S.K.: 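Have a look at the structure that comes next, please.
Side chains included, hydrogens not; waters and symmetry mates left out as well; all remaining heavy atoms used. Keep in mind the model is a prediction, meaning the values are calculated, not measured.
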Amino acid sequence: MERELKWVRDIVRRGSRKAADQLVREYYDDIYAFVFRQIGNREDALDVTQECFLAALRSLPFYNPQKAGLRTWLYHIASHKVIDQRRKRRIQYLPIEEQELVDERDFTQDIQNHEQLRQVEELVCAMDPQIQEVFRLRVYAEYSFPEIAAVLAQPESKIKAQYYRLSARLRKEMSEKS
């Protein structure tokens, strides 16, 4: 934590490229994995991850370590960038010839899971951005309810209620589509 605060101070006060590089190197893999799990496309995930860090570096003067840890703050930014990216682009489908099969196992289950994930993402993307963020931080970043409440500066009971209402709605919508 102290090392992170030193990076932030060095970046904000002196414009230190070395500190910025250390910050990005420390969190890049985690943020990329978080973004990739939601987007599913390597190139788009790389672009969104880069946008996250650019936004974070620009916003560092406004970062408040009393409200959230640096890692949590970066996930918050990443969550918003994923929402923005989903608004800009619809899912693009590749012809089957262009897709690579990783192995020869029966992939029908993967197809069903991918379709379900697409449907869930479609439903979630139609929700209010704050509810999307609760969902994304809980499911993709695997944050606990207290951590999400801290990031969003909301009572934990409200976060839980939003998440469980969304979960019930998703179950209902998915069962109607089946």
Side-chain angles (χ1 to χ4, degrees), residues 1-5 7-8 22-57 59-60 63-87 89 91 102 109-175:
M1 182 73 170
E2 184 58 39
R3 154 182 82 144
E4 296 169 345
L5 294 176
W7 292 339
V8 171
Q22 289 172 320
L23 184 147
V24 171
R25 285 179 189 271
E26 178 72 20
Y27 295 105
Y28 189 88
D29 291 341
D30 290 341
I31 298 298
Y32 172 77
F34 173 73
V35 170
F36 181 78
R37 282 192 301 261
Q38 296 174 72
I39 294 176
N41 176 292
R42 183 179 182 278
E43 289 78 24
D44 289 344
L46 288 169
D47 290 344
V48 171
T49 302
Q50 182 177 1
E51 289 174 22
C52 293
F53 282 104
L54 290 173
L57 291 170
S59 301
L60 270 180
Y63 167 66
N64 183 348
Q66 274 71 41
K67 288 187 177 179
L70 188 60
R71 180 178 187 269
T72 300
W73 184 69
L74 290 170
Y75 272 99
H76 182 68
I77 292 170
S79 181
H80 282 280
K81 292 297 181 185
V82 168
I83 291 169
D84 291 346
Q85 196 270 354
R86 288 229 175 250
R87 284 183 185 151
R89 297 187 175 136
I91 296 176
V102 177
Q109 185 65 35
D110 290 342
I111 291 171
Q112 290 170 345
N113 290 342
H114 182 72
E115 178 60 21
Q116 286 177 332
L117 179 60
R118 186 195 63 74
Q119 290 173 354
V120 167
E121 277 295 329
E122 188 177 289
L123 293 169
V124 170
C125 286
M127 307 279 175
D128 178 78
Q130 182 176 345
I131 293 172
Q132 288 184 49
E133 187 168 17
V134 169
F135 175 80
R136 293 177 191 296
L137 290 172
R138 180 74 177 163
V139 173
Y140 296 114
E142 299 175 352
Y143 271 33
S144 67
F145 289 117
E147 290 172 320
I148 297 169
V151 168
L152 300 179
Q154 297 285 331
E156 184 179 340
S157 59
K158 180 179 179 182
I159 298 301
K160 284 181 178 179
Q162 288 176 331
Y163 179 78
Y164 288 122
R165 276 195 301 270
L166 174 61
S167 295
R169 184 171 174 193
L170 289 173
R171 274 193 294 281
K172 181 182 177 205
E173 294 279 337
M174 295 302 290
S175 67

S.K.: Less than 4.5 Å apart, side chain to side chain, heavy atoms only: is that true for Q162 and Q130?
M.R.: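 They are in contact (side-chain heavy atoms under 4.5 Å apart), so the answer is yes.
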S.K.: In terms of relative ring orientation, are W73 and Y63 parallel, tilted or perpendicular, with 30° and 60° separating the classes?
M.R.: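 Correct class here is tilted.
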S.K.: Among I148, V151, L137, which residue satisfies the side chain to side chain contact (heavy atoms under 4.5 Å, CB included) criterion with Y75?
M.R.: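 Only one option passes, and that is L137.
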S.K.: Quick one: NZ on K81 to CG on D47, what's the gap to the nearest 0.5 Å?
M.R.: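 So the gap between those two atoms works out to 12.0 Å.
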S.K.: About how many Å separate CG of L170 and CZ of F135, when rounded to the nearest 0.5 Å?
M.R.: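 Spacing of CZ (F135) from CG (L170) equals 6.0 Å.
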S.K.: State whether the side chain of Q154 and the backbone N or O of A150 hold a donor-acceptor pair below 3.5 Å, judged by distance alone.
M.R.: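 Answer holds: no.
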S.K.: Is there side-chain contact between L166 and V134, with heavy atoms separated by less than 4.5 Å?
M.R.: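 Answer no - side chains too far apart.
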S.K.: Do S79 and F34 have side chains that get closer than 4.5 Å, going by heavy atoms?
M.R.: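 A side-chain contact exists here, since the closest heavy-atom pair is under 4.5 Å.
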S.K.: Could you give the distance from OH (Y143) to CD1 (I159), rounded to the nearest 0.5 Å?
M.R.: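 Answer for the OH-CD1 pair, Y143 versus I159, is 13.5 Å.
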S.K.: Please determine which of R136, K67, E133 meets the side-chain hydrogen bond (donor to acceptor under 3.5 Å, both in side chains) test together with H76.
M.R.: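 With H76 as partner, R136, K67, E133 yield a single side-chain hydrogen bond (donor to acceptor under 3.5 Å, both in side chains), made by E133.
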S.K.: Do side-chain atoms of T72 reach the backbone of A68 as a donor and acceptor pair under 3.5 angstrom?
M.R.: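 Side chain of T72 to backbone of A68, a donor-acceptor pair under 3.5 Å: no, none is there.
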S.K.: I want to check a possible cation-pi pair here: R138 against F145, using under 6.0 Å from ring centre and within 45° of the ring axis as the test.
M.R.: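 Geometry flag: set, cation within 6.0 Å and 45°.
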S.K.: Side chains of L23 and L70: does their closest heavy-atom pair fall under 4.5 Å?
M.R.: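 When only atoms from C-beta onward are counted, L70 and L23 do touch, with a gap below 4.5 Å.
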S.K.: Does a salt bridge link R71 with E26, judged by any charged N lying under 4.0 Å from a carboxylate O?
M.R.: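 Salt bridge between R71 and E26, a charged N being under 4.0 Å from a carboxylate O: no.
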S.K.: Can you measure from CZ (R25) to OH (Y28) and round to the nearest 0.5 angstrom?
M.R.: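 Between atom CZ of R25 and atom OH of Y28 there are 11.5 Å.
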S.K.: Ignoring hydrogens and angles, tell me if any N or O in the side chain of Q132 forms a donor-acceptor pair with the backbone of M127 under 3.5 Å.
M.R.: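 Side chain of Q132 to backbone of M127, a donor-acceptor pair under 3.5 Å: yes, one is there.
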S.K.: Measure the spacing between CD of Q119 and CD of E173 and express it to the nearest 0.5 Å.
M.R.: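 Reported to 0.5 Å precision, the distance equals 10.5 Å.
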S.K.: Could you go through the side chain to side chain contact (heavy atoms under 4.5 Å, CB included) check for L123 and V120 one step at a time?
M.R.: CA-CA 5 Å; L123 293 169; V120 167; 5.6 Å; no
S.K.: To the nearest 0.5 Å, how far apart are OG1 in T49 and CZ in F36?
M.R.: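 Output value for this atom pair is 10.5 Å.
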S.K.: Just by distance, do the side chain of S59 and the backbone of A56 share a donor-acceptor pair under 3.5 Å?
M.R.: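 No.
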S.K.: Which heavy atom in A78 sits nearest to a heavy atom in C52, and how many Å separate them?
M.R.: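 Residues A78 and C52, closest heavy atoms: CA-SG, 3.4 Å.
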S.K.: Determine the minimum heavy-atom distance between A149 and P155, stating which atoms define it.
M.R.: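 For A149 and P155, the tightest heavy-atom pair comes out as CB-C, 4.2 Å.
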